[in-house]
Amino acid sequence: MGDLRSKFMEVYSVLKAELLKDPAFEFNDTSRQWVDRMLDYNVPGGKLNRGLSVVDSYKLLKEGKELTEEEIFLASALGWCIEWLQAYFLVLDDIMDGSHTRRGQPCWFRLPQIGMIAANDGIVLRNHICRILKNHFKGKPYYVDLFELFNEVEFQTASGQMIDLITTIEGEKDLSKYSLPLHRRIVQFKTSYYSFYLPVACALLMAGENLENHIDVKNILVDMGIYFQVQDDYLDCFGAPEVIGKVGTDIEDFKCSWLVVKALECCNEEQKKLLYENYGKADPACVAKVKELYNALDLQGVFTQFESKSYEKLIKSIESHPSKAVQAVLKSFLGKIYKRQK
């Protein structure tokens, strides 16, 4: 894995060097240094799971055949396109949420002399994806399909972000809006498509597959993304901060979390009143009351049940797929997230 990661990072350096010499723009030292710093700060700092998954998935689809240097490079380049997409979403997301930190450092827009220039940097990041695709995939039979895939997934993610934002408009906090179907809809569009479906779809296109023949794969990956987000919501409240790397704030932030939706489903009138009075307040005493209620409703037990049912359902769907190679890709994804602690 370490070797794969270091090769992957080498591809980042190549792509960045090309972008800093893009003939479509006349760079001077100042603009080149700005983009160089902006990329290093925002693109490679995460876990890189989405990007590395393209390479993993492509290897599994090739069923043990040794990949050529070119294949490794192209799969890595597509992986980096997803990491660029993620960076673009996060830079703008942090501005919208007024966040302070991201990946253990100040958000890009919080840095001195950056501010709202970060909004334009987000647009530059998005445009870099098209430049990378043009530089390395033009002439490939699946070139247009890649463009359509990235455009569609970006549209779905932005629309998911919109539902999330308009559901939690400041001053209009209303728990009665929250339900399991709404939670599913937000997660499906905001997270599942770009985090789970996109890496596998990129690998399938590279392997010469037609995505229209793999709607079942998309559905399985969307379900996996929803399972992943429910885990995230659970860990936000019950995970140990030293393990998950952050202090959860879903309760204070009035998030449409799976936990609050489940609590609303199974609490009595008195408990519901307590939720309405305390959810979405930054006061530690209010947060503690919500957590006490979650414990009283045994939401940890409800989650454990959900986790085992989701796993069984996903395994069943995966094993009914006719291709052993596709099964291997999907099982590899599921293996990475099942019973995770962070």
Is it true that E265 and K262 have a side-chain N and a carboxylate O under 4.0 angstrom from each other?
yes

Does F238 form a side-chain contact (heavy atoms from CB on, under 4.5 Å) with L259? I'd like the steps, not just the answer.
CA-CA 10 Å; F238 294 109; L259 292 170; 4.1 Å; yes

If you look at every heavy atom in S179 and V261, which pair is closest and at what distance?
C-CG1, 3.5 Å

Tell me, yes or no, whether the heavy-atom count around K309 atom NZ, taken from other residues, nucleotides or ligands under 6.0 Å, exceeds 12.
no

Measuring from I129:CD1 to L146:CG, what's the distance to the nearest 0.5 Å?
11.5 Å

For atom NZ of K336, is the number of surrounding heavy atoms from other residues, nucleotides or ligands below 6.0 Å larger than 12?
yes

Are Y12 and W84, when compared by the centres of their aromatic rings, separated by less than 6.0 Å?
yes

Closest approach of A203 and S57, non-hydrogen atoms and distance?
CB-CB, 3.7 Å

Using modelled atom types and a 3.5 Å cut-off, is there a donor and acceptor pairing between side-chain atoms of T68 and backbone atoms of E71?
yes

Distance-only, no hydrogens or angles: does the T101 side chain make a donor-acceptor pair with backbone N or O of G104 under 3.5 Å?
no

Do side-chain atoms of R32 reach the backbone of L20 as a donor and acceptor pair under 3.5 angstrom?
yes

Quick one: does D164's side chain have a donor or acceptor within less than 3.5 Å of a partner on G160's backbone?
no

Nearest heavy-atom approach of V187 to I226 is CG1-CA, 3.7 Å

Would you kindly confirm whether I72 and M9 end up in one hydrophobic cluster when ILVMFWY residues are joined by side chain heavy atoms under 4.5 Å apart?
yes

Could you tell me if E307 and Y311 have a donor-acceptor pair between their side chains, going purely by distance under 3.5 Å?
no

Could you tell me if the ring centre of F155 sits under 6.0 Å from that of Y193?
no

Any non-hydrogen side-chain atom of V35 less than 4.5 Å from a side-chain atom of F27?
yes

Please identify each residue that fulfils side-chain contact (heavy atoms from CB on, under 4.5 Å) with V11, with sequence neighbours left out.
L15, F73, S76, W80

Do the ring centers of Y194 and F89 come within less than 6.0 Å of each other?
yes

If every non-hydrogen atom of I95 is compared with every non-hydrogen atom of A118, which pair is closest and at what distance?
CD1-CB, 3.9 Å

Applied to residues 96-120, the ring pair (Phe, Tyr, Trp, His ring centres under 6.0 Å) test, sequence neighbours excluded, yields Y41-W108

So, W34 and D121: side-chain donor and acceptor under 3.5 Å apart, yes or no?
yes

Does the side chain of Y279 come within less than 4.5 Å of L274's, by heavy atoms?
no

After noting the C-alpha distance and the side-chain angles of L275 and Y178, does the key distance pass the side-chain contact (heavy atoms from CB on, under 4.5 Å) rule?
CA-CA 12 Å; L275 257 187; Y178 288 179; over 6 Å; no

Under a 3.5 Å cutoff, is there a donor and acceptor pairing between the side chains of Q229 and D233?
yes

In sequence, state the C-alpha distance, the side-chain angles, and the governing distance for D97 and L165, and then conclude on side-chain contact (heavy atoms from CB on, under 4.5 Å).
CA-CA 9 Å; D97 292 347; L165 291 168; 4.1 Å; yes

So among K190, Q86, Q161, which one has a side-chain hydrogen bond (donor to acceptor under 3.5 Å, both in side chains) with D93?
Q161

Would you check if the side chain of D236 reaches a backbone N or O of D232 as a donor-acceptor pair within less than 3.5 Å?
no

Grab the two heavy atoms, one from C81 and one from L133, that are nearest each other, plus how far apart they are.
SG-CD2, 4.0 Å

Is K289 paired with E277 through a side-chain N to carboxylate O contact shorter than 4.0 Å?
no

Between D283 and V287, is there a side-chain heavy-atom distance shorter than 4.5 Å?
no

Sub-3.5 Å donor-acceptor pair from the side chain of E154 to the main-chain atoms of N151, do we have one?
no

With a 4.0 Å cut-off, would you call K324 and E63 a salt bridge?
no

Scan side-chain atoms only and decide if Q300 and Y294 contain a donor-acceptor pair under the 3.5 Å cut-off.
no

R131 with E18: basic N within carboxylate O range, under 4.0 Å:
no

Check: T191 and I186 side chains under 4.5 Å, non-hydrogen atoms
no

Ring centroid separation Y143 to F137 under 6.0 Å
no

Would you say S53 and F333 make side-chain contact, with heavy atoms under 4.5 Å?
yes

K16/E83 ion pair, N-O < 4.0 Å:
no

Side-chain touch N268/Q271, heavy atoms, less than 4.5 angstrom:
yes

What are the two closest heavy atoms between K47 and L52, and how far apart are they?
O-CD1, 4.4 Å

Using side-chain heavy atoms (C-beta onward) and a distance below 4.5 Å, is L74 in contact with Y58?
no

Assess whether atom CZ of R185 is packed by more than 12 heavy atoms of other residues, nucleotides or ligands within 6.0 Å.
no

Close side-chain approach of L149 to D145, heavy-atom, < 4.5 Å
no

Determine whether more than 12 heavy atoms belonging to other residues, nucleotides or ligands lie under 6.0 Å from atom CD of E152.
no

Spacing of CG belonging to N42 relative to CG belonging to L90, to within rounding of 0.5 Å:
8.5 Å

Side chains of N28 and S31: any donor to acceptor distance under 3.5 Å?
yes

Do side-chain atoms of D22 reach the backbone of A24 as a donor and acceptor pair under 3.5 angstrom?
yes

